[in-house]
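One-based numbering, in listed order, for ligands and for the atoms of each.
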Amino acid sequence: MKGFGRLTAVAELIQLLDQSTYPLRTESVPLERAVGRRLASPVIAQANVPGFRRAAMDGFAVRSQDIALAGTAGDAVLHIVDESFPNRPATRPLQAGQAIRIMTGAPVPDSADTVVMVEMTCQENDEVHILEAPPLGKNVSGIGEDVAAGSTILEPPRTLRPQDVAVAAAAGLGSLAVYCQPRVAMLVTGNELVNAGQFPSAFQIVDTNSIILRTLVERDGGIVLASEQGSPRILPDDPEVLREALRTCDADCLFVSGGTSVGKEDHAPRLLAELGDLIVHGIAMKPARPMGYGKIDGRPVFLMPGNPVACLAAYDLIARRTVRHLQGMPTHLPYPTSRRRLAQPIASQVGRFDYVRAKLNEAGEVYPLLMGGASILSSTAKADGFLLVPADVESLAEGCEVVFHHYDAQEEPNTIEDIPI
Ligand SMILES: Nc1nc2c(c(=O)[nH]1)N[C@H]1C(S)=C(S)[C@@H](COP(=O)(O)OP(=O)(O)OC[C@H]3O[C@@H](n4cnc5c(N)ncnc54)[C@H](O)[C@@H]3O)O[C@H]1N2
Ligand code: MOO
């Protein structure tokens, strides 16, 4: 057992991750699986939208010269000769003095140039009185008015929204090229651990890191691999078992939870160094000091501290970036922020980066809960969010302005505005 060597600064580790991780391969996915994925190449419209001249209103398709004087010199009276419905066009061409009854979305006959809304007309048997003449071309959507075939409709970088995929579908595409989602393996170590849902007997601890890691990795677009033994797989603190699991693991990114520190059963750093590169072990951050990072066969491996709050902070601030990088996603923190006053001073240390769980008091000020106590998981449930103390800051005075990160987007009235009704 010996302590850490040099602690790596958070900024240095982040720079290292950002510079050494690249998006994985790309794949083509059907539209129904494309929302939320990162677009890998430009999307070119295959079809015009609409592909035909389309009525924008229910009314009458007319020739503008037949109704030019309507409204000024009495009504223009036209003979209704046919009807046009969506996907059921009129079959007769329009002659002088004639109109075709038309529905919204239906094809406008070539012989018509304008659609008069039904509200501007008056019908009598098979005649229609046009009470007012709209301008030429009114209520006729031209071919390609929405999307022109051959035009670029979506360009990377972009995370696909429902409406993006809908536009691609309208323009005739059936699939889109996106970056692959990283397949993430989770190796959870600890002789004392039992699966969530089990009641812990004496000296047992429920594995909560899996819940945190799984949901956050999935939030960030990763696919958590199920182990053969069921997911999550809890490994004993046995170096042979962990070595084998690390050696045979087929994933784009690996997480090892627990056993990262310098205790007798903390094997992960040594095994990572043996099977690949242990690039960082020990970071200048509180919590999550024992965090490690390295590579096996070029694939990133994160050693996540066993203490659950440390695991949460190490994921959100650091490992998350790689999960996002692997699919070409932006890496900024995913929480809404607001600038607020600090209700109590915070003592930190120059050279150390702090993740401080905090509550908002009734005055909307930030009340720090805990900076240490990485085993006190309930503090994260009590907290409304967190603030970060950069490494070059020794302390934060009461009353100073801080950036507060809200865990919940929905519940924060200051950063989310409802519709103005
Ligand atoms: N001499 C030193 N001891 C420790 C140091 C240090 O710098 N020098 N760092 C401390 C810090 S900080 C942390 S964090 C922990 C991290 O230790 P490990 O990553 O080796 O984690 P374990 O020892 O396996 O477990 C620590 C703690 O967390 C509980 N745990 C583990 N896995 C889970 C899980 N999946 N779900 C819930 N809880 C988990 C475990 O039962 C322990 O109580 O090391 C300190 N020691
Ligand atoms: O990082 Mo440890 O994470 O402080 O308990």
Side-chain angles (χ1 to χ4, degrees), residues 1-10 13 185-217 224 227 230-239 241-242 245 254-273 278 280-294 301-319 348-349 351-357 369-381 386 388-389 391:
M1 267 172 66
K2 72 180 184 57
F4 297 98
R6 183 178 81 91
L7 295 178
T8 302
V10 169
L13 175 54
M186 275 172 17
L187 304 175
V188 180
T189 67
N191 290 331
E192 74 282 23
L193 299 180
V194 291
N195 280 119
Q198 265 177 266
F199 192 84
S201 58
F203 309 124
Q204 286 186 327
I205 289 285
V206 175
D207 164 30
T208 50
N209 287 359
S210 293
I211 298 175
I212 291 169
L213 285 177
R214 165 182 295 280
T215 45
L216 295 183
V217 165
V224 178
S227 75
S231 183
R233 181 181 173 196
I234 295 177
L235 305 180
D237 290 311
D238 176 341
V241 177
L242 183 57
L254 269 75
F255 283 87
V256 180
S257 156
T260 62
S261 190
V262 290
K264 264 186 90 173
E265 290 188 326
D266 296 337
H267 310 296
R270 183 172 50 80
L271 290 173
L272 177 51
L278 175 65
V280 165
H281 185 210
I283 61 173
M285 175 167 139
K286 187 172 185 172
R289 196 162 93 113
M291 181 183 196
Y293 164 69
V301 182
F302 290 97
L303 307 183
M304 308 299 278
N307 273 334
V309 181
C311 183
L312 170 67
Y315 178 82
D316 253 352
L317 301 193
I318 295 166
S348 179
Q349 245 176 41
R352 193 184 71 200
F353 191 96
D354 295 310
Y355 174 91
V356 185
R357 292 140 274 168
L369 292 173
L370 272 178
M371 190 153 74
S375 59
I376 311 299
L377 180 57
S378 60
S379 63
T380 56
F386 60 91
L388 301 170
V389 186

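The two residues T260 and M304 have their closest heavy-atom pair at CG2-O, 3.3 Å. The heavy-atom pair separating A284 from G351 by the smallest distance is CB-O, 3.2 Å. Here the closest heavy-atom approach between residue G306 and residue N209 is recorded as O-ND2, 2.9 Å. Nearest heavy atoms, S379 versus V309: OG-CG2, 4.3 Å.
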M291/I318 under side-chain contact (heavy atoms from CB on, under 4.5 Å): CA gap, chis, key distance, verdict: CA-CA 10 Å; M291 181 183 196; I318 295 166; 3.7 Å; yes

Derivation and outcome, side-chain contact (heavy atoms from CB on, under 4.5 Å), residues L312 and Y355: CA-CA 10 Å; L312 170 67; Y355 174 91; 3.7 Å; yes

Pair L369-I376, side-chain contact (heavy atoms from CB on, under 4.5 Å): steps then yes or no: CA-CA 11 Å; L369 292 173; I376 311 299; over 6 Å; no

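Residue nearest to atom 37 (C) of ligand 1, selected from T208, L193, L213: T208 (by heavy-atom distance). Counting only non-hydrogen atoms, the option in N191, I205, L303 that gets closest to atom 38 (N) of ligand 1 is I205. Comparing P290, G190, A268, P308 against atom 13 (C) of ligand 1, the shortest heavy-atom distance belongs to P290.
The G258 neighbourhood of ligand 1 comprises atoms 19 (O), 21 (O), 24 (O), with distances under 4.0 Å to a heavy atom of that residue. Below 4.0 Å from some heavy atom of P290 lie the following atoms of ligand 2, by number and element: 1 (O). Distances below 4.0 Å separate heavy atoms of V206 from the following atoms of ligand 1: 36 (N), 37 (C). Distances below 4.0 Å separate heavy atoms of R289 from the following atoms of ligand 2: 1 (O). Taking a cut-off of under 4.0 Å to the non-hydrogen atoms of E192, the atoms of ligand 1 that pass are 31 (C), 40 (C), 41 (O). When each atom of ligand 1 is checked for a heavy atom of P305 under 4.0 Å away, the hits are 14 (S), 19 (O). Atoms of ligand 1 found under 4.0 Å from any heavy atom of V262 (numbered from 1 in listed order, with element): 1 (N), 2 (C), 8 (N). Counting atoms of ligand 1 from 1 in the listed order, those under 4.0 Å from a heavy atom of T260 are 18 (P), 19 (O), 20 (O). Within ligand 1, counting atoms from 1 as listed, the ones closer than 4.0 Å to a heavy atom of R289 are 6 (C), 7 (O). For ligand 2, the atoms sitting less than 4.0 Å from at least one non-hydrogen atom of P287 are 1 (O), 3 (O), 4 (O), numbered in the order shown with element in parentheses.
Paired with L317 under the rule side chain to side chain contact (heavy atoms under 4.5 Å, CB included), one option of L13, I283, L388 passes, and it is L388.
Residue contacts with ligand 1 for V188 involve side-chain atoms from C-beta outward but no N, CA, C or O (heavy atoms, distance under 4.0 Å). If you look at P305 next to ligand 2, there are no close heavy atoms at all, none under 4.0 Å. Neither the backbone nor the side chain of S375 comes within 4.0 Å of ligand 2, counting heavy atoms alone. With a 4.0 Å cut-off on non-hydrogen atoms, D266 touches ligand 1 through its side chain and not its backbone.
Put simply, CG on L242 and CZ on R270 are 9.0 Å apart, with the number rounded to the nearest 0.5 Å. The structure places CG of L272 at 14.5 Å from NE2 of H267, a figure rounded to the nearest 0.5 Å. Expressed to the nearest 0.5 Å, how far CD1 of I234 lies from OG of S257 amounts to 9.0 Å. Taken to the nearest 0.5 Å, the OG1 atom of T380 stands 11.5 Å off from the CZ atom of F386. Interatomic distance, M285 CE to R352 CZ, rounded to the nearest 0.5 Å: 11.0 Å. To the nearest 0.5 Å, atom CG of residue L303 and atom CG of residue L271 are 9.5 Å apart.
Assignment of K286 to the shell around ligand 2 is not supported, since no heavy atom sits closer than 4.0 Å. Heavy atoms of P287 come nearer than 4.0 angstrom to ligand 1 in no pair at all. Under the 4.0 angstrom criterion for non-hydrogen atoms, D237 is not in contact with ligand 1. Within the structure, ligand 2 lacks G373 among the residues with a heavy atom less than 4.0 angstrom away. At least one heavy atom of S257 sits under 4.0 Å from some atom of ligand 1.
In this structure, atom 1 (O) of ligand 2 lies nearest to the protein heavy atom A288 N, 2.3 Å.
Below 3.5 Å of separation, one finds no N or O of S210 facing any N or O of ligand 1. Of the N or O atoms in G306, one or more lie within a sub-3.5 Å distance of an N or O in ligand 1.
Aromatic ring orientation, F255 versus F302: parallel (interplanar angle below 30°, classes split at 30° and 60°).
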